[in-house]
Amino acid sequence: MDWRNRKAAKSELHEEGTKSTKFQNQKVLFVTFPAFSCPASGFAFPDVLARTVYRFRLMRHPKRILNTVPKQCNLSRFPKHITANPMFRIVFASLVLALAVTANAEIEPAPDRDRGEGPFEQLILRGGILIDGTGAPPIGPVDIVIEDDRIARIARLGAPGVPIPDEDRPGLAENGREIDISGQYVLPGFVDMHAHIGGKAQGTPAEYVFKLWLGHGITTARDPGSGNGLEWTLTERARSENGEIAAPRILAYVTFGQGRDRPITTPQQAREWVQEVKQRGADGIKFFGAPPEVLLAAIEEADEQGMGTAMHHAQMDVARANVLDTARAGLTTMEHWYGLPEALFADKTIQHYPADYNYADEYHRFSEAGKLWRQAAGPDHPRWKAVRDELIELDFTLDPTLTIYQANRDFMAARTAEWHRDYTLPGLWDFYAPSRQAHGSYWFAWSTENEVEWRQNYRRWMEFINDYKNHGGRVTVGSDSGYIYKLYGFGYVEELEMLQEAGFHPLEVLRAATLHGAETLALSQITGSVEVGKAADLVVVGENPLADWKVLFGTGAVRVNKDNEVVRTEGVRYTVSRGIVYDAAELRSDVRAMVREAWDDAGRELLQPGIAAAP
């Protein structure tokens, strides 16, 4: 158990007891406990937790849990005036229950929508410069007519800089609405193919995640795993689809085996489980690994059921099934890059692990991963071409998530990114911090040598991705934010930058982020490009993103005006999701307010790892 994520926001509390306050828009109760043990729950609480302050939502029906404290729990260490208090027993029972739940306990659902206007009977975006996502260059000015949640007309209005006669423009209906976006750029809404909706460990409410996504133009998000539980994700998917919450379109992929109390060990069990989650409403399945006969049966069944599949080919299983094996079975997308170098091995069959390697040691895991591409065949080897061409023939999609490992090549740059101060919640910042126990927090021995190895790793990795694209393979954009100092929304924009670094033309980057994502999700008839008949999923930004993706960041891009004054661009101005128009700056302002309140309630400030607060 990583206790950092349950620590108090109020470090100044010193006495045992309770205190109510407001924290991240929830009514909560703070309580401190002396050390004790509770065999019935399987937890022993050391003295170090005696002054730890835990946070709980007040139960609506407290009497139901008054009797849930197990009799085996020794409460003798608590003062009698506290144990006699019914509220103490409520909170204590909540603690025992909270610690007994699984790691994928659900987060707070998003509140009912309080931002965004529409859909409208008619909405006209006037005078924009269109980049439609198909690979076509920019064109403008254009007027885009939206009726309800669909694009009804795209009217070209002549050459730029020339007056536009009113009679050439689409007429505004009696109940119509228009927005002047003259000179601004209109893009398709972005598709994030690897978009975790936060989690308890990160301390990220759904509202926080959704508003950061919409605030950066993301209108479709594939949750690879439904870590908050499938039913939770399906509920938020439905609420989003109905316009009840401010959120992108959600696709719910569920981790293979989720919900079972024992492992899936036979192909028949695998097929039955796939059929079950399909019936429950899952859009797809996320795999990490399994015995080959089980894994491949599940992938084949998902394909037969019309479900999407994604896989992180984890090191514990990749020696038995790499991307060629899974792609042949019908896998839709490869996440990250694990499994691809292994398919390219020409002089070995297993990664060259040191003798003392231990996968449970996160430093071992990620430091050795940085050496993997150098062990694979290079572009001059026949193996490279054979693997590339077969994957393309299988219509296999690469979802590289380059951005999530960016800290590995420059740890300081990732943790000191300017947006952390205003946009990163305390719980998420603590989750990022170096730790031998937490996933993705392997910074306790990260060295210059590690960063150099990862830079070399990126070169070969990017070379394959670009070559794959150049030969007709599909590459998409996924961020995997919420880990390794990557922040929702911001991490997505960084992925666009990294694809350009890999050799993509900016128009190829945009197509990967929009149309190719939609194609992979079987949504290209609905979204992914700005075309008549498709959903009104749009991004409006004041500056040309093809010239600089940084203009999409919520913090803007740095510029110097004609008076030699340093200024910032505004970031995304409007995000239109299924006809609902969101003021992106307003969404980001909401997030900043949430973050500011959370740090104030925590009674501390954001500090870099190992730096103590000033006395």
Side-chain angles (χ1 to χ4, degrees), residues 117-190 217 219 496 505-515 518 524-552 556-557 559 561-562 569-585:
E117 296 182 275
F120 301 95
E121 290 182 24
Q122 184 200 55
L123 170 67
I124 304 179
L125 303 179
R126 296 212 184 265
I129 302 170
L130 175 63
I131 315 174
D132 67 15
T134 66
I139 187 169
V142 300
D143 283 355
I144 300 175
V145 181
I146 300 166
E147 295 176 356
D148 194 21
D149 63 347
R150 296 282 166 165
I151 299 170
R153 181 183 172 190
I154 301 172
R156 298 180 182 181
L157 303 174
V162 177
I164 305 168
D166 288 343
E167 58 269 21
D168 291 348
R169 311 194 82 153
L172 187 66
E174 182 178 352
N175 296 317
R177 175 81 174 271
E178 59 186 356
I179 301 176
D180 184 1
I181 58 168
S182 297
Q184 300 179 48
Y185 288 79
V186 185
L187 324 174
F190 300 135
T219 58
L496 305 181
H505 185 279
L507 285 170
E508 294 175 324
V509 174
L510 180 62
R511 185 173 58 187
T514 55
L515 184 59
S524 60
Q525 298 302 310
I526 299 172
T527 191
S529 57
V530 184
E531 298 182 78
V532 172
K534 288 194 175 184
D537 293 338
L538 306 169
V539 181
V540 179
V541 59
E543 299 76 25
N544 186 354
L546 301 181
D548 186 2
W549 297 112
K550 287 180 172 58
V551 301
L552 298 172
R559 297 288 184 264
N561 66 19
K562 62 182 181 179
T569 62
E570 297 181 19
V572 173
R573 295 188 177 179
Y574 299 104
T575 298
V576 183
S577 177
R578 291 158 291 182
I580 300 174
V581 181
Y582 293 96
D583 181 329

I'd like to know whether D537 forms a side chain to side chain contact (heavy atoms under 4.5 Å, CB included) with F190, so could you lay out the CA-CA distance, the side-chain angles of the two residues, the decisive distance to 0.1 Å, and finally the verdict.
CA-CA 8 Å; D537 293 338; F190 300 135; over 6 Å; no
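- Judged by distance alone, with hydrogens and angles left aside, the side-chain atoms of T569 form a donor-acceptor pair with the main-chain N or O of A557 at under 3.5 Å.
- Legend: residues meeting salt bridge (Lys or Arg N to Asp or Glu O under 4.0 Å) with E147, ordered by chain and number and at least two apart, are absent.
- Distance check, rounded to the nearest 0.5 Å: CG of D149 to CD1 of I526 gives 10.0 Å.
- Qualifying side chain to side chain donor-acceptor pair (under 3.5 Å) partners for Q525, counting only residues two or more places apart in sequence or in other chains: none.
- For A173, the side chain to side chain contact (heavy atoms under 4.5 Å, CB included) criterion is met by Q122, not counting sequence neighbours.
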For residues 151-171, which side-chain N or O atoms pair as donor and acceptor with protein atoms under 3.5 Å away, sequence neighbours left out?
{"residue": "R169", "atom": "NE", "partner": "D143", "partner atom": "OD2", "Å": "3.0"}
{"residue": "R169", "atom": "NH2", "partner": "D143", "partner atom": "OD1", "Å": "3.0"}

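- With sequence neighbours excluded, the residues forming a side chain to side chain contact (heavy atoms under 4.5 Å, CB included) with E117 are F120, R177, listed by chain and number.
- Of the inter-residue distances, the one linking I146 atom CD1 with I580 atom CD1 reads 12.0 Å to the nearest 0.5 angstrom.
- In this structure I129 satisfies the side chain to side chain contact (heavy atoms under 4.5 Å, CB included) test together with P138, Y185, sequence neighbours excluded.
- A 4.5 Å side-chain heavy-atom check between Y574 and L125 finds every atom pair outside the cut-off.
- The shortest non-hydrogen separation linking V530 to L187 is CG2-C, 3.9 Å.
- Considering all non-hydrogen atoms of both residues, W549 and P506 come closest at CZ2-O, 3.4 Å.
- The two atoms that bring S524 and L515 nearest to each other are CB-CD1, 4.3 Å, heavy atoms only.
- Residues passing the side chain to side chain donor-acceptor pair (under 3.5 Å) test with D180 are S182, sequence neighbours excluded.
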Side chains of residues 540-548: which donor-acceptor partners sit under 3.5 Å, not counting sequence neighbours?
{"residue": "N544", "atom": "OD1", "partner": "L546", "partner atom": "N", "Å": "2.9"}
{"residue": "D548", "atom": "OD1", "partner": "K550", "partner atom": "N", "Å": "3.0"}
{"residue": "D548", "atom": "OD2", "partner": "R559", "partner atom": "NH2", "Å": "2.9"}

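- The shortest heavy-atom contact between V539 and G217 is CG2-O, 3.4 Å.
- Closest of all the heavy-atom pairs between L552 and L496 is CD1-CD1, 3.8 Å.
- No side-chain heavy atom of T514 sits under 4.5 Å from any side-chain heavy atom of D132.
- P188 places none of its side-chain heavy atoms less than 4.5 Å from the side chain of T527.
- Residues meeting the salt bridge (Lys or Arg N to Asp or Glu O under 4.0 Å) test with R150, sequence neighbours left out: none.
- Residues forming a side chain to side chain contact (heavy atoms under 4.5 Å, CB included) with V576 (at least two apart in sequence, or on another chain): A536, L538, V581.
- Every residue meeting the side chain to side chain donor-acceptor pair (under 3.5 Å) condition with R578, not counting sequence neighbours, appears here in chain and number order: S240, E241.
- E531 is linked by a salt bridge (Lys or Arg N to Asp or Glu O under 4.0 Å) to K534, counting only residues two or more places apart in sequence or in another chain.
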